[in-house]
Amino acid sequence: MRDLKFAEIVRRNRELAAQLPSERVAVTVLGNIMLPQLKDVLEYGLRTAGINADVRMGAYDNIVQESAGLVDSRFVVIFWELCNVIDGGQYRMARMSDGERNALEARLVAEIDLVMRNTAAAPLVLWNRFSAAVFSSADIEENPLERLRARLNQHLDETAARNVKLVDIDKVLARVSVAASVDMRYFYSSKALYSTTFCKEYVLYVLPVLRAALGKGKKALIFDCDNTLWKGIVGEDGSDGIEMSPATVAGGIFQEVQSLALSLSERGVLLGLCSKNNSKDVEDILKTHPDMLIRNERFVAKRVNWDDKAKNLRQIAEELNIGLDSIVFVDDSPFEVNYIKSTLPEVTVVQVPERLHEYPGVMREVATLFYSLSRTDEDYRKSDLYKIEQARTRAREKFADATEFLRSLGLKVRVHVNEPQLIARISQMTQKTNQFNLTTKRYTEGDISVFLKGNTSHVFALDAADRFGEYGITGLCIACANTAGTARIDTFLMSCRIIGRDIEFAFMDFVVKYLTSQGIRSIEAEYIPTSKNALVADMYDRLGFRLLSDEGDGKRYALDLLEYKPHSIDHVEVAGGRAD
Amino acid sequence: MEERIKGVIAAVLELKPAQIHEGTDFKVLWNWDSLKHINLVLALEDEFQVQFTDEEISRMVTYADVKQIVTHVAASG
């Protein structure tokens, strides 16, 4: 996007709108300055990420009023510039008495609080932190604008609601430079402060947040080895000849890259290897080389062989149970990079830069592809959870009979009902679960809070464990009561970690029993097909629901709770859940 | 150059290049407003890497004026 001229962005934006699936994501931008280029640039950025966004620009300088009238906006973006909170704000602050400044600050704090309340129902609000950089970058001493900015930002930090993500636009200004970020001709003539260059860089900066909210974050980072994780070729230079420690310049750079990858792994990103090497050579390095920062256990999938890399990556995707479009692959070889780009276009491929000093910077940008809105305990334990799963798979091979194997697991599940402490994990599951997901609705923490606040919706979070260890919170059911004893299942999903163990039957038994106790007599449910959830096309049929209709856009079901026959799966023990 | 100018106008004003001719007046277009005006000028400045004066910007509301101003400014470098 950086290299495209504005007219080209406008043109391509229009083309993409027609090419993408027609389901629109509504975005509203509220601003107290003019932002003429932002609609096209923001739509284009989202559309290149496969999100068919419709951006509505709120009326100029009407942030408060517009915030009260938001209907159905999935995302809200707020540009609140100090230079226009009063006319000539950038210089008139210096003319004000202390009393006038305090009054202005009080007014702004009240407006911030009002906008925060008004936008509480929006799934996600991207709220730019107040900035004074444009008009202060030459000042050696702190000026009144900067003092006001500091206090307003502190207020934002203290009061930001769950659905608000504060955006540090000073970082964007730093990347672009203040001079290139603004066009003072348009600021003075039309209150349009920012340049097209700034708008592009802003969109690129916030795109990972929006992609994450829509379930499009990446999940796995797969590395080649030679000249990608270390300098040198282990097969030629030997384990002593490769460099990955600060003893050499190149070695220090590779250690930094390994450290960035390790940090991602600690946040829940899956690390893997795909390298053409003798597997023993690499194994030795991972297990014993003193300079290898990422230890063997951190890699959850490895394909170190002389096979075709496309075949290896496909196997890795299958082994990890993720789509190819969730994978980022890093390699130094232009041949491999181009090969994977052409054979597996869904994979994001990154080439190690020829100028090695650029490599850590490239990896910092790559890290944003894995951005996740919610940080949960599950993230930190992700690699462990995969290792435990591999142990289960090995145990499975010892049983001829699937049912015997399931009985041997000693599965225990516990259902938490309407538990606020699980909001982050619940939201994360809706964003990341693709296969066992009946309706694929993506929810932010703000959305889940709304479900919990109302007393007409019930949020069931399933926690599972077996003799090998815990699976964690891996199942979710959201039921919304209609009037007169009926309810609708809005969401029913399970992490792929617990598929194939009949847990869904035990889960639905619990949900039905609970809803019955709440006076619900019948429930409706639906299956909305996507490219990834064919697995559950007949799930409701198997759970005992009655099929009402089966059209191209989905299947509708109903269940009379009095007629429901509990499945009572004997190899799954259900512990009582917490009631409301 | 004329094709590039028409290309930019077509993109921003949602027209086909063939619809743009000497007599085209943007002010009568259904989707013309001050925002479109700013975007058109920004797009032309980006395309030709030039900057227009306030006076030139205010005159760029017909194809004939745009063509004359852009050609003149781009030529003087």
Note: vs chain A, highest number of non-hydrogen pairs under 4.5 angstrom among Leu42(B), Ile57(B), Val41(B) is Leu42(B)
Compute whether any side-chain donor of one residue and acceptor of the other, for Thr62(B) and Asp25(B), lie under 3.5 angstrom apart. no
List the steps, then state whether side-chain hydrogen bond (donor to acceptor under 3.5 Å, both in side chains) holds for Asp183(A) with Tyr188(A). CA-CA 9 Å; Asp183(A) 192 329; Tyr188(A) 286 116; over 6 Å; no
Is Arg14(A) close to chain B through its backbone or its side chain, or both, or neither, when contacts mean heavy atoms under 4.5 Å? side chain
Interface moiety of Met57(A) toward chain B, non-hydrogen atoms closer than 4.5 Å: neither
For Glu45(B), is it the side chain, the backbone, both, or neither that has a heavy atom closer than 4.5 Å to a heavy atom of chain A? side chain
Decide yes or no on side-chain hydrogen bond (donor to acceptor under 3.5 Å, both in side chains) for Tyr194(A) and Glu81(A), but give the supporting numbers first. CA-CA 11 Å; Tyr194(A) 292 115; Glu81(A) 301 296 331; 2.8 Å; yes
Spacing of Ile86(A) atom CD1 and Arg95(A) atom CZ [to the nearest 0.5 Å]: 11.5 Å
